[in-house]
Amino acid sequence: MSTQFPDDFKCPISLEIMSDPVILSSGHTFDRVSIQRWLDSGHRTCPITKLPLPEHPCLIPNHALRSLISNYTLVSPSKSQPCSQPQTLVSALTSPSSPIGTKLDSLTHLAGLTKRDSSLRRKLTESGAVPAVLKFVDSEDPVLQEKALSLLLNLSLDDDNKVGLVAEGAVNRVVKILRVGSPDCRAIAATIITSLAVVEVNKATIGAYPDAIPALVRLLIAGKGREKKEAATALYAICSFTDNRRRAIDCGAVPILINLLDLGLERAIEVLGLLVKCKEGREEMMKVNGCVKVLVKVLKNGSSRGVQYGLFTLNCLCNYSESFCFEARKQGVLGICIGLVEEENEKIQRYLSNLVQTLSGNHAIG
């Protein structure tokens, strides 16, 4: 099955599809299990570049890639019909005289082909097919729309295509789907935002669209499980750009994310971990009743990544507000921290140490 996925989804070490992709300081992505095994064997060089690594290398979760991989099979087209030549499919897609059924078949086959062939993805964008794909994204036919979004997602996988797709007007179409599309289309649309935001310049461009961030925040409220998760992932991707954090906060994202976190959507703590970095975010979090309790729940029950972001968020808030620091002590955070001392994760240890120091010394700055 792994041969049906793009090579970018495969770990350079195991050559298997990555389940937990992480970025090494060299900039290359590996599956966590494989690179951890490499490091545990005593290696302190990047397996690809052979450049030296720190004594305690930091493994940064590649959320964008993980989201793309997890959703890839969900947008797979049917394999029941044989595929035509790509050039013929593109011609049928772009020709004004082609019947709708033929165009739908072309979209379906092209989506299947571009899943596996990165060179075809580049050729497709160079052939002038993107405007036709975007036209079908605007279609009122939900089947055509979903197939076009699947193809657009595939085209966005290549970094060389990401800026060009934004320049062609992809964001405007995708944001419209976030607002009025079917549940499946909205989930794919949010994943496309995540994919496009891998390129730094696109984060600013996407955030500057008047309804982009508001549409993602609305999806957190009105969407179903998969839509909420993909919307949170997209917000995480674009909110690494500072201005987008304030835009998300202005849209009321903070109380929504805290509520979703309380309901079990752990991805929400990762977004909160970005929003807490600005003053407006900290102030909004302190307005939410029960915020400390929700963060404490993450420390008790969350995954390693969830605990990491929970510690960081709590420390930022406790540093900012004496009353928040008092409430954290009251909720037994120091005792929970003692229980986390045995954690081997480097970031957890660092954030744990910072939080204990803050709670012990009450280093409030707010």
Side-chain angles (χ1 to χ4, degrees), residues 23 25 27 58 60-67 156 159 162-163 165-167 170-172 174-175 178 190-220 230-258 260-261 265-288 291 295 305-306 308-321 324 347 350-351 354-355 358 363-366:
I23 305 171
S25 57
C58 182
I60 304 171
N62 191 332
H63 297 295
L65 182 57
R66 182 174 183 170
S67 179
S156 75
D159 287 354
K162 296 181 193 294
V163 174
L165 288 173
V166 171
V171 175
N172 190 44
V174 169
V175 169
L178 289 174
T191 308
I192 292 171
I193 293 291
T194 301
S195 177
L196 294 174
V198 169
V199 176
E200 198 66 27
V201 67
N202 282 351
K203 300 179 195 292
T205 305
I206 293 168
Y209 274 80
D211 207 30
I213 291 177
L216 288 170
V217 173
R218 283 196 294 270
L219 200 55
L220 290 176
E230 295 309 322
T233 302
L235 281 172
Y236 180 85
I238 63 178
C239 283
S240 61
F241 180 68
T242 306
D243 288 352
N244 288 342
R245 296 171 195 164
R246 296 187 179 89
R247 291 175 177 132
I249 293 162
D250 289 342
C251 290
V254 168
I256 297 167
L257 288 164
I258 292 175
L260 289 174
L261 181 60
L265 183 64
E266 192 174 79
R267 187 59 53 83
I269 187 60
E270 298 168 21
V271 187
L272 290 168
L274 292 176
L275 302 186
V276 78
K277 292 181 179 181
C278 61
K279 179 181 178 182
E280 296 88 344
R282 294 190 291 272
E283 290 179 347
E284 286 300 311
M285 288 178 206
M286 288 190 297
K287 292 178 184 177
V288 178
C291 179
L295 294 175
R305 183 159 56 245
Q308 172 187 315
Y309 280 95
L311 289 168
F312 177 80
T313 303
L314 265 170
N315 187 53
C316 289
L317 292 169
C318 289
N319 257 313
Y320 186 70
S321 166
F324 201 95
K347 281 195 172 181
R350 184 164 72 250
Y351 295 150
N354 291 342
L355 180 56
T358 299
H363 298 152
I365 61 174

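- A distance-only check finds a donor-acceptor pair linking the side chain of Ser195 to the backbone of Ser156 [under 3.5 Å].
- Side-chain atoms of Thr191 and Thr233, non-hydrogen and from C-beta on, never get closer than 4.5 Å to each other.
- With rounding to the nearest 0.5 Å, the separation of OG in Ser240 from CD in Glu200 is 5.0 Å.
- Val276 places a side-chain heavy atom less than 4.5 Å from the side chain of Phe312.
- Lys203 places a side-chain N or O within 3.5 Å of a backbone atom of Ala237 that can act as its donor or acceptor partner.
- In this structure, CG on Asn244 lies 9.0 Å from CG on Leu235, to the nearest 0.5 angstrom.
- In this structure, Glu280 and Val254 have side chains that are not in contact, with every pair of non-hydrogen atoms separated by 4.5 Å or more.
- Put simply, CG on Leu260 and CD on Glu266 are 13.0 Å apart, with the number rounded to the nearest 0.5 Å.
- Side-chain atoms of Arg282 and Phe324, non-hydrogen and from C-beta on, never get closer than 4.5 Å to each other.
- Listed for the Arg245 side chain is a donor-acceptor partner under 3.5 Å among the backbone atoms of Cys239.
- Under the 3.5 Å distance criterion, the side-chain polar atoms of Thr313 are matched with a main-chain donor or acceptor of Tyr309.
- No side-chain heavy atom of Leu165 sits less than 4.5 Å from a side-chain heavy atom of Ile192.
- Between Val174 and Leu196, the closest side-chain pair of non-hydrogen atoms is not below 4.5 Å.
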Chi angles and distances behind the side chain to side chain contact (heavy atoms under 4.5 Å, CB included) call for Lys347, Leu311: CA-CA 10 Å; Lys347 281 195 172 181; Leu311 289 168; over 6 Å; no
Steps toward side chain to side chain contact (heavy atoms under 4.5 Å, CB included) verdict (Val166, Val201): CA-CA 10 Å; Val166 171; Val201 67; over 6 Å; no
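- At a threshold of 4.5 Å between non-hydrogen side-chain atoms, the residues Pro214 and Val217 do not count as touching.
- To the nearest 0.5 Å, atom CD1 of residue Ile258 and atom CG of residue Leu272 are 5.5 Å apart.
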